[in-house]
Amino acid sequence: MSVTYSNGVDALNNVSLKINDGEFAFIVGPSGAGKSTLIKLILKEVDVTSGEVIVNGFNLHKIKRGKVPKLRRTIGVVFQDFRLIPTMTVYENVAFVLRVIDAPKKYIRSRVPYVISLVGLKDKVKCYPSELSGGEQQRVALARALVNDPALIIADEPTGNIDPELSYQIVQLLKDINNCGTTVLMVTHAQELVEHFGGRTIVLNNGSIVFDKVLGGINED
Amino acid sequence: MSVTYSNGVDALNNVSLKINDGEFAFIVGPSGAGKSTLIKLILKEVDVTSGEVIVNGFNLHKIKRGKVPKLRRTIGVVFQDFRLIPTMTVYENVAFVLRVIDAPKKYIRSRVPYVISLVGLKDKVKCYPSELSGGEQQRVALARALVNDPALIIADEPTGNIDPELSYQIVQLLKDINNCGTTVLMVTHAQELVEHFGGRTIVLNNGSIVFDKVLGGINED
Amino acid sequence: MKISSMKYLFGQGIKSVWTNRIMTFASFCVILVSLLLVGSMMLFTANVNRFISGIESKNEIVVYLNDNVPEETVSQMEGDIKKLDNVAEVVFYSKEQAFEDYKKSMENAEEIFESIGDESPLPDAFKVRVKDISKMTSTIAQINKMQNIYKVSAPNDFADLLIGIKSTVAMISTAVIAALGIVCLVIISNATRASVFARRKEINIMKYVGATNIFIRIPFFVEGMVTGMLAGLAAAGITWFGYEKFIEALSKQMTLWKAFGIDEFIPFASVAVKVFLGYIGAGALLGAIGTVISTRKHLKV
Amino acid sequence: MKISSMKYLFGQGIKSVWTNRIMTFASFCVILVSLLLVGSMMLFTANVNRFISGIESKNEIVVYLNDNVPEETVSQMEGDIKKLDNVAEVVFYSKEQAFEDYKKSMENAEEIFESIGDESPLPDAFKVRVKDISKMTSTIAQINKMQNIYKVSAPNDFADLLIGIKSTVAMISTAVIAALGIVCLVIISNATRASVFARRKEINIMKYVGATNIFIRIPFFVEGMVTGMLAGLAAAGITWFGYEKFIEALSKQMTLWKAFGIDEFIPFASVAVKVFLGYIGAGALLGAIGTVISTRKHLKV
Ligand SMILES: Nc1ncnc2c1ncn2[C@@H]1O[C@H](COP(=O)(O)OP(=O)(O)OP(=O)(O)O)[C@@H](O)[C@H]1O
Ligand SMILES: Nc1ncnc2c1ncn2[C@@H]1O[C@H](COP(=O)(O)OP(=O)(O)OP(=O)(O)O)[C@@H](O)[C@H]1O
Ligand SMILES: [Mg+2]
Ligand SMILES: [Mg+2]
């Protein structure tokens, strides 16, 4: 598949990629390589110029407008720019994803605090995004991506604003979730994380895949 | 000095710190330690609850409202959340800092493209921030911080969205600028950068300085 | 959608009236002003129309009879005229009465009447009030065909005048109300568009995490409706207060208005329910529709 | 600040009218509507005032003289009356003329005059037009003190009526214009506040990179001014077109207006310059002030 933005930038060039269910893959590559564009494609935030994308059984070329929310509910995303709703507290931001799928009130009330505590933000529950540090905002975005147990989790640079120690914990968390059957796709620039955890590693450069292999990590377990 | 946010969070606790002219210092520490708050303090974005801050000869406690812009012009900042003006192109965003100081038109026209090319964004000059990748936006913020040759450069996580290779180049760029006499303060989570370049390293944790020493790096030169 | 979700969405809508108060207040003001303009124009028109039909009802044709028509013929004629389609009322006006009134109407000319004596030189007459002033001409023609009639005197100029006033008032008020209405729609849609535009990022984010359009729209709908209803309520209150004060001030000049044939203005109480329901309903509708239409563009992500 | 910087800031302001078109269009509409409302109310008032002074100028006192006053005395009296402060014009109205007019005014009563003959039973008179209708009573008193006067008949009720109309019109139009003015200020300040609010982050960022308040404000000032001027221009255009069409439509009923004493409406050409300059000036002022005041809050970082 290919993506060309309206100003003529070829962000992706004849990329062909298949991520299997239950896989854990790192996507790395220099700035501007097209990693975020790949994610936007999966979310149908941008459309392919040529080619075809199939996500969780939805063919994004043929999907009707009305079905797009259904698609997005099967994917949990940590956006590179966080995209928290500024008028909602941390709790409301995370709970929103559950409200969207009409989850029972009771479930929301137990699930949301649990997920927020997973990313270590128990005492920031009532804060607004503008009252959080960069790393804290990023972790709220992560909590939001996890909260509704999606089939696919995509994390665009989820540790960019987080110290190394916590970063390891977060990737470990994603690994654990992956072990329960969830597919995880993680964009990162942190080489030491890739080296440490290993797994399938896809290197994008200039809109093309230049490397796609399973690396052995210094896995702890 | 101390900072307590209006919601009762003690972001900084009796911190006392002196950065000398022409120094290069890394500030590291876990997420939520108060690193960005320290920077906001220097920029007079937040005020101290107790204590005193003196930056480039301005006493921030006594400074008049009208003088604040003068203070800010002596500091180039890469904000953690970039803070690019969404309605301006890359060129205009960078040029804005020069226009503010009434720089001659001719100088603007030669200086801005030069600085943009320093951060490797020559072909994105006419893009708007929304058309850039995360790393590209971050580099525009860096270009803006450098463009008016400030006495002090503060960079809050300037490589968080940038691949390791380019990160090294960027820190090298900051080092070079530092060698010409500019003070540089850089917040980072990338341990390998600190290890590689060395220099004064300040570790913040929970609002207090827990470590402040000059480390020897594996310096290339 | 479950009840609890609906509750949540309604709550969100009501809350955001306050959270986005700068924007909603702008919409509030715009809707308020629009309603006030259209509403006061309508009240004004209603008063004018009342005044016109007041004059209309006083408008009469005078049918002069020949001399010495026998009394039974007169009463038969009265019956005949009464049977005509367009006739609302017929009153007999004797020549003695006519002469009395005539004398009274003449100031500074007492000398003239002294030389005439008490015998009335004027004829007997009927005063006829019509239902529809614009059909007066044909009614006059019908009366003219009858026997024993000396002359039919119709205030034809006055009728034309009244018809002219009526159509002019209708034209002006329709034009002004329509113009105001269009203008108000434009500014309301702009105000709500601006209000939604300021939150486009929020809308986008919600879409990206899987919210359906309806889920995003309900709070906006509720917010717009509540804002509009509040504006309607405020407009109704202002109209109430303003109208009463206004009528009070005008009533100090009652002799002046009487001279123009206005006996009484429409009291607010008689239209209060209409005004309140109309304002609140129109406000809710405008606010809700405006906001919902404005969200459309930003939902397409 | 250097010329080139000023140029840049002005250019930015003008550009942002388009860049922020959703927001500026909302302000544009609001200012447009405000100007139209206040402006058309003023034009309406101007027409009413013209109409009133038209009537006023036709208003006259009739001074009846005793029988057989010698001609030289009459002309001396005419001079004396003319000298009075409040008198605008004095016209002699002979008894023959008076009787002729009287006869003409009596329809259906020819028989009465036949019995009187041609000798006029009415007195000679002066018709006196005053300058200020509200001082009429004292003028009448002054005339009454003169010799050879039989009676002074003043349309006192009518004078009162006119004074009543004048003060009522002044009151209503002042009230309405003031109310509209306040309402417009409120909604304009809200519209500009909303427009600036939507860009508060931009303003903050500019402050953080060292821009002075004035540097940030000039483009907003220019933007507001340009938006306001465009709104003023549009309002003037709409007023022009609308007013001419309106007058044209009303003029079809000229007999009707004549009946009310209106001979002619104020032609647009005679107020065009005032309207255009007034609208554009007011628009620029409102837009610029509104925007600049609204930026204040966000500049405090
Ligand atoms: N909306 C857009 N319009 C035009 N060009 C765009 C747009 N978004 C991204 N691009 C361009 O497409 C290319 C790929 O961008 P993308 O965001 O996918 O990079 P990335 O791999 O995520 O980089 P980073 O690591 O810096 O986030 C870049 O050159 C970028 O400038
Ligand atoms: N505007 C604010 N209001 C209230 N609390 C705030 C505000 N900004 C930051 N905080 C809190 O102050 C503490 C320090 O925040 P700061 O942004 O300085 O952290 P940081 O060291 O930059 O962290 P990170 O590495 O995640 O960016 C955090 O606990 C944060 O939640
Ligand atoms: Mg990216
Ligand atoms: Mg920070």
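Naming: A, B, ... by sequence-line order, numbering from 1 per chain. Quantities reported herein were computed from a predicted structural model and do not represent experimental measurements. The basis for the numbers below is simple: all heavy atoms, side chains too, and nothing from hydrogens, waters or symmetry mates.
- To the nearest 0.5 angstrom, Ser5(C) atom OG is 10.0 Å from Lys105(A) atom NZ.
- The stretch residues 226-243 of chain C places none of its residues near chain A, where near means some heavy atom under 4.5 Å from a heavy atom of that chain.
- Your options are Thr212(C), Ile216(C), Asn213(C), and the one with the most heavy-atom pairs under 4.5 Å with chain A is Thr212(C).
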Pairs of donor and acceptor atoms involving the side chains of residues 147-156 of chain A, under 3.5 Å and at least two apart or interchain, shall be tabulated with distances.
residue	atom	partner	partner atom	Å
Asn148(A)	ND2	Arg73(A)	O	3.2
Asp156(A)	OD2	Ser36(A)	OG	2.7

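- Aromatic ring centres of Phe96(A) and Tyr8(C) lie farther apart than the 6.0 Å criterion allows.
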Would you give me the side-chain donor-acceptor pairs under 3.5 Å for residues 61-71 of chain A, sequence neighbours excluded?
none

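- Residue-environment remark: CG (Asp21(A)) stays at or below the threshold of 12 foreign heavy atoms within 6.0 Å.
- Ring geometry, Phe79(A) versus Tyr208(C): the interplanar angle falls from 30° to 60°, so the pair is classed tilted.
- Looking at Ile101(A), there are no atoms closer than 4.5 Å to chain C (heavy atoms on both sides), in backbone or side chain.
- Atoms CE and OG1, from Met88(A) and Thr19(C) in turn, are 9.5 Å apart once rounded to the nearest 0.5 Å.
- Counted within 6.0 Å of CZ on Phe44(C), heavy atoms from surrounding residues, nucleotides or ligands total 12 or fewer; the atom is thus considered open.
- By the neighbour-count criterion of 12 heavy atoms within 6.0 Å, atom NZ of Lys245(C) is sparsely surrounded, having that number or fewer from other residues, nucleotides or ligands.
- For CG of Asn206(A), the number of neighbouring non-hydrogen atoms (other residues, nucleotides, ligands) closer than 6.0 Å is 12 at most.
- Taking non-hydrogen atoms and a 4.5 Å limit, the residue list of residues 199-207 of chain C in contact with chain A, ordered by number, reads Glu202(C), Ile205(C), Met206(C), Lys207(C).
- For Ile214(C), the CD1 atom sits in a loose shell: 12 or fewer heavy atoms of surrounding residues, nucleotides or ligands are nearer than 6.0 Å.
- For chain C, no part of Ala145(A) is nearby; none of its heavy atoms comes within less than 4.5 Å.
- Under the 4.5 Å side-chain criterion, counting only non-hydrogen atoms from C-beta, Arg99(A) is not in contact with Ser4(C).
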